[in-house]
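Report on the following structure.
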Amino acid sequence: MLQLNTIREEKDRVLSGLKKRNFKELHLIDNIIALDEKRRATQLSLDETLAKSNNLSKEIGNLFKAGETDKANALKEQTATLKEDIKTLTDTLNTTVEELNDLLYRVPNIPNELVPEGTSEADNVVVFEAGEIPNLGKEALPHWELAKKYDLIDFELGVKLTGAGFPVYKGKGAKLQRALITYFLDKNTEAGYNEFQVPHVVNEASGYGTGQLPDKEGQMYHIGVDNLYLIPTAEVPVTNIFRDTLLNESDLPICCTAYTPCFRREAGSYGAHVRGLNRLHQFDKVEIVRIEHPDNSYKALEGMIEHVKGILNELKLPYHILRLCGGDLGFTSAITYDFEVYSTAQEKWLEISSVSNFETFQANRLKLRFKDSDGKNRLAHTLNGSSLALPRVLAGILENYQTPEGIVVPEVLRKYTGFDIIN
């Protein structure tokens with residue numbers, strides 16, 4: 001969440017950034033400032049009352065020692081009144097802090113100045129393009145038909161076992177999926193990312209820490225009995241490893257990668273745009289997460305973008321990179337770059353990665369700090385990216401690598417699959 005001193009001291013910049021996001025609840029900023037003033041005034045009154053109570057207790061003790069019992073007992077009546085005042089002020093302070101935090105949780109991050117104006121994905125800006133779109137001819141099939149033809153993915157069986165959006169990968173389809181996961185992890189660890197295996201369910205504090213709660217509560221699968229959530233991305237457990245942590249400046253940067261299944265309730269509509277692997281309730285993803293010094297986070301963001309580009313270049317898939325506009329920016333992000341691969345058979349772009357810098361927004365929720373060279377505690381910057389999300393990468397491979405003889409396996413994956421064509 002935004003820092004209170006930023007809201008107080010840079011109100012105009014905060015409002016300007018929220019307007020770029022098309023955020024409709026701008027009145028929350030004035031409400032937050034008012035509640036913060038109330039909190040500070042209440043805290044001051046409480047501190048003064050506590051000090052008065054402590055001084056009075058010392059005075060009563062001294063009177064008893066001096067044998068002035070009557071004066072001591074008279075003053076004890078005042079302590080009872082002070083105790084009531086302390087309880088009232090403490091209750092008011094706790095209520096005010098809770099109301100203040102509730103409002104702060106509702107305010108999204110402030111976009112970086114590089115984020116373009118816009119209201120929807122139509123206003124996102126293409127900043128890079130690479131790869132050639134193959135000419136497959138009119139006989140080209142979409143990936144869901146290829147999956148059925150070569151018995152790679154069974155969507156109907158997934159419906160039988162669980163429901164729509166939970167596919168079953170089979171045979172060479174399962175092996176290709178596993179090959180991609182291993183390849184992505186290998187590329188990430190070779191680039192210096194430390195691999196983690198993390199839980200696939202998290203507690204409520206973790207959801208709040210990275211900003212999925214309360215913003216995306218309706219999109220997360222909730223285990224009510226235990227009050228746990230199935231993760232929508234490995235970003236949540238990996239970043240929360242560093243919740244309530246004070247690092248040394250020399251610890252930075254911290255670079256992590258993890259493979260997990262991801263669970264999202266958002267897939268609920270119908271039509272060709274959500275057919276097959278285009279949108280799922282459960283999918284596999286390899287994630288990269290970085291904890292950075294604020295002075296280095298944008299250089300690190302550029303490095304993450306180049307890293308994902310390198311993977312896609314090796315897979316030889318046509319792709320482009322979008323800088324998201326204010327209206328399409330995620331709740332926690334200061335800036336996001338989306339990678340989209342071209343689906344030749346569907347003649348459309350499919351998102352396969354988002355690379356984002358959250359600046360201090362997540363770190364403030366997480367209480368993730370580092371001690372700088374001057375001995376001052378500062379909030380770190382957090383970043384994350386998909387490296388990569390598998391369903392649409394797999395869809396892109398199936399469609400773009402199809403031939404009359406079968407589906408050719410990208411050369412870089414063959415040492416992982418053990419075969420070079422699916423036929």
Side-chain angles (χ1 to χ4, degrees), residues 121-122 124 126 128-159 164-181 183-184 266-267 269-285 308-309 311-322 338-354 386 388-414 417 419-423:
E121 61 183 23
N124 295 336
V126 176
F128 184 82
E129 295 179 281
E132 294 185 8
I133 297 173
N135 182 11
L136 300 177
K138 295 182 179 180
E139 302 302 317
L141 299 175
H143 68 268
W144 55 85
E145 292 187 23
L146 292 166
K148 186 173 184 179
K149 178 179 179 180
Y150 295 107
D151 197 25
L152 304 175
I153 307 169
D154 196 324
F155 295 99
E156 290 74 20
L157 183 55
V159 172
F166 295 88
V168 175
Y169 297 83
K170 302 165 63 179
K172 288 186 175 181
K175 288 185 178 180
L176 183 55
Q177 180 88 339
R178 176 158 53 91
L180 282 165
I181 293 167
Y183 166 63
F184 293 154
E266 62 191 355
S269 56
Y270 299 91
H273 68 292
V274 295
R275 288 194 67 179
L277 299 172
N278 286 356
R279 189 176 296 172
L280 301 173
H281 287 303
Q282 178 182 330
F283 61 94
D284 292 320
K285 183 153 68 81
V308 176
K309 284 167 63 174
I311 293 174
L312 289 170
N313 290 338
E314 286 191 355
L315 288 172
K316 297 181 180 178
L317 289 171
Y319 69 95
H320 65 199
I321 304 174
L322 304 170
D338 272 5
F339 286 71
E340 295 183 333
V341 67
Y342 192 72
S343 165
T344 306
Q346 297 180 76
E347 298 182 340
K348 63 184 293 186
W349 293 96
L350 303 175
E351 180 194 333
I352 48 136
S353 175
S354 288
S386 312
L388 291 160
L390 274 84
R392 294 170 182 172
V393 171
L394 185 60
I397 289 172
L398 296 181
E399 294 184 7
N400 289 309
Y401 277 86
Q402 63 181 298
T403 71
E405 292 75 32
I407 300 167
V408 176
V409 174
E411 186 175 352
V412 73
L413 296 178
R414 292 174 190 173
T417 59
F419 51 85
D420 57 10
I421 193 167
I422 298 170
N423 54 21

**Message:** For Glu347 and Thr344, which I'm curious about, is there any donor-acceptor pair between the side chains at under 3.5 Å?
**Reply:** no

**Request:** Drop me the distance from Leu146's CG to Leu398's CG, to the nearest 0.5 angstrom.
**Result:** 6.0 Å

**Request:** Starting from the C-alpha separation in whole Å, work towards a yes-or-no answer on side-chain contact (heavy atoms from CB on, under 4.5 Å) for Leu312 and Leu388.
**Result:** CA-CA 9 Å; Leu312 289 170; Leu388 291 160; 3.9 Å; yes

**Request:** Starting from the C-alpha separation in whole Å, work towards a yes-or-no answer on side chain to side chain donor-acceptor pair (under 3.5 Å) for Asp284 and Gln177.
**Result:** CA-CA 9 Å; Asp284 292 320; Gln177 180 88 339; 2.9 Å; yes

**Complete:** Rounding to 0.5 Å, atoms CD (Glu129) and CG (Leu322) come to a distance of 9.5 Å

**Message:** Taking the cut-offs as 6.0 angstrom to the six-membered ring centre and 45 degrees off its axis, would you call Lys172 and Tyr150 a cation-pi pair?
**Reply:** no

**Request:** Give the minimum heavy-atom separation between Leu277 and Ala395, together with the two atoms involved.
**Result:** CD1-N, 4.1 Å

**Prompt:** Would you say the side-chain atoms of Ser386 pair up with the backbone N or O of Ala389, donor to acceptor, closer than 3.5 Å?
**Reply:** no

**Side-chain touch Val409/Ile421, heavy atoms, less than 4.5 angstrom** = no

**Within 6.0 Å of NZ in Lys148, more than 12 heavy atoms from elsewhere** = no

**Message:** As an exercise, state the distance from CG of Asn124 to CD1 of Ile321, rounded to the nearest 0.5 Å.
**Reply:** 13.0 Å

**Request:** For the residue pair Phe155 and Phe166, establish whether any side-chain heavy-atom pair is separated by less than 4.5 Å.
**Result:** no

**Item:** Pairwise side-chain contact, Phe419 with Ile422, heavy-atom cut-off 4.5 Å (strictly under)
**Value:** yes

**Message:** I'd like to know if the side chain of Gln402 and the backbone of Leu141 have a donor-acceptor N/O pair within less than 3.5 Å.
**Reply:** yes

**Asked** What distance separates Ile352 CD1 from Leu315 CG, expressed to the nearest 0.5 Å?
**Response** 8.5 Å

**Complete:** Nearest heavy-atom contact between Thr417 and Ala179 is CG2-CB, 3.5 Å

**Asked** So, for Arg392 and Glu351, which heavy atoms are closest and what is the spacing to 0.1 Å?
**Response** CD-O, 2.9 Å

**Request:** Check Pro318 against Trp349 and note the closest heavy-atom contact, atom names and distance.
**Result:** O-CZ3, 4.0 Å

**Candidate pair Lys309 and Tyr319, rule side-chain contact (heavy atoms from CB on, under 4.5 Å), full reasoning** = CA-CA 9 Å; Lys309 284 167 63 174; Tyr319 69 95; 3.5 Å; yes

**Item:** Worked verdict on Ile397 versus Leu317 for side-chain contact (heavy atoms from CB on, under 4.5 Å)
**Value:** CA-CA 7 Å; Ile397 289 172; Leu317 289 171; 4.2 Å; yes

**Item:** Side-chain heavy atoms of Leu280 within contact of Gln282, under 4.5 Å
**Value:** no

**Request:** Quick one: pull up CD1 in Ile311 and CZ in Phe339 and give me the separation to the nearest 0.5 Å.
**Result:** 9.0 Å

**Item:** Arg275 (side chain) donor-acceptor with Trp144 (main chain) under 3.5 angstrom
**Value:** no

**Message:** Among Asn400, Asn278, Leu394, Ile153, exactly one meets side chain to side chain contact (heavy atoms under 4.5 Å, CB included) together with His143. Which residue is that?
**Reply:** Asn278

**Prompt:** Atom NE2 of His320 and atom CD of Glu340: how far apart are they, to the nearest 0.5 Å?
**Reply:** 3.5 Å

**Asked** Without hydrogens or angle criteria, can the side chains of Asp154 and Tyr169 be said to hold a donor-acceptor pair below 3.5 Å?
**Response** no

**Asked** Any side-chain heavy atom of Lys170 sitting closer than 4.5 Å to one from Val168?
**Response** yes

**Asked** Which atom pair, heavy atoms only, marks the closest approach of Glu314 to Val412?
**Response** OE1-CG2, 3.5 Å

**Asked** Does Lys348 count as lying over the ring of Tyr342, i.e. NZ or CZ under 6.0 Å from the six-ring centre, within 45 degrees of the axis?
**Response** no

